[in-house]
Amino acid sequence: LGTAENILPLNELGGLPTRNLKEAKFEAASNISGEKLAEGYLGRRLACSHCPVGCIHIAALREPYEDELFFYKTSMISYDYEPIYALGSMLGISDAEGLLKLIDQIERIGLDSMSTGVILAWATEAQEKGLISEKETDGLKFIWGNYSSFIKAVQFIFKQPNQFYKDLARGVEYAAQQYGGEDFALSFGGNEMAGYHTGPAAHIGLLIGARHSHLDNGGYSIDQKILSKEKIIPEKLAKELLTEERWRQILSGLVVCFFARGIYTPEICSEALYSAGYDVAKEDLLNIGEEIHREKYRFKMQEGFSLDNYRLPKRIFETPSLVGKIDKAFVDKLVRCVKDKIFK
Ligand code: SF4
């Protein structure tokens, strides 16, 4: 099923952001699940060079031409957990074919799926709340689940026919500064949120990640493995996030796929390097990872990033996550701990 296999379990656990994270469970998740897409649309699977897993899934969407009877076109559309979340549950879309058409439109134009989905989710709620009207949207009425208007909006974000779409194209943080609705503008350090409302580690992991990706430290995984079982203090959670991110510097340096991170432990990496003629103890690997991470952070700070003036959207504290309601005081302390530990 590829990464799309996560849709149903995350939904079941209450960690699947839905309708701009007004909820964390989508009642129609089974319609856009990995199982549903594989059964109805999977055209082929692909793998990176030499990988036996082949996690890349490509749907084949067959559509009739509007003006010619018995003529069809088949579009090959790649899908993953993240586009399904951002353009599916986040927009309330329960029609698998509509979801694939929206993903296809975004891929053809070359926009980022996650950013676009989060921006459209904010715009839908902003229109619901009257912060924007059809004057701004150029006549479009955004309704949860109505993929046709979202497909048109994607074209407008690309073509930018008016100031509103120019503003949307600059990201949800900027759009909310212009029109209001910052409380539900789901951005972390200027980057639109990833598909996990699993707990504090997911959101703060994205905020503090050296390259601003949810894959930097896999906070969503820490929420599920640790915080779903026990309460821990912010210092310990900061250590977990940083330990994971520092080790991932080594994995990416060795060009190890993060999906294989459970196999390539420090011990295995050290042994594998030894067999290739490099004698590097696992402790040395860990130290190198820490140094790479620190250097990346030095560069980020030199370019203006700071952990002193971050903004967290209120919405993440309102909607209960997989591990319950997220506590703002805990999160603020967590960020302070991370900051202290990076340069300790
Ligand atoms: S290397 Fe990783 S991303 Fe590529 S097919 Fe294998 S598991 Fe998927």
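We count ligands from 1, going down the list as the structure has it; atoms in each ligand are counted the same way.
Residue Tyr65 belongs to a hydrophobic cluster whose other members are Phe71, with links defined by side-chain heavy atoms closer than 4.5 Å.
Checked against ring pair (Phe, Tyr, Trp, His ring centres under 6.0 Å), Tyr85 has no partners two or more places apart in sequence or in another chain. The side chain to side chain donor-acceptor pair (under 3.5 Å) check on Ser75 picks up nothing, with sequence neighbours excluded.
At distances below 3.5 Å, at least one donor-acceptor pair connects side-chain atoms of Ser89 with backbone N or O atoms of Pro17. For Ser270 (side chain) and Glu267 (main-chain N/O), no donor-acceptor pair under 3.5 Å exists by modelled atom type. With hydrogens and angles disregarded, no donor-acceptor distance shorter than 3.5 Å links the side chain of Arg170 to the backbone of Tyr165.
Protein N/O/S atoms found under 2.8 Å from atom 2 (Fe) of ligand 1, listed by chain and residue number: Cys257 SG.
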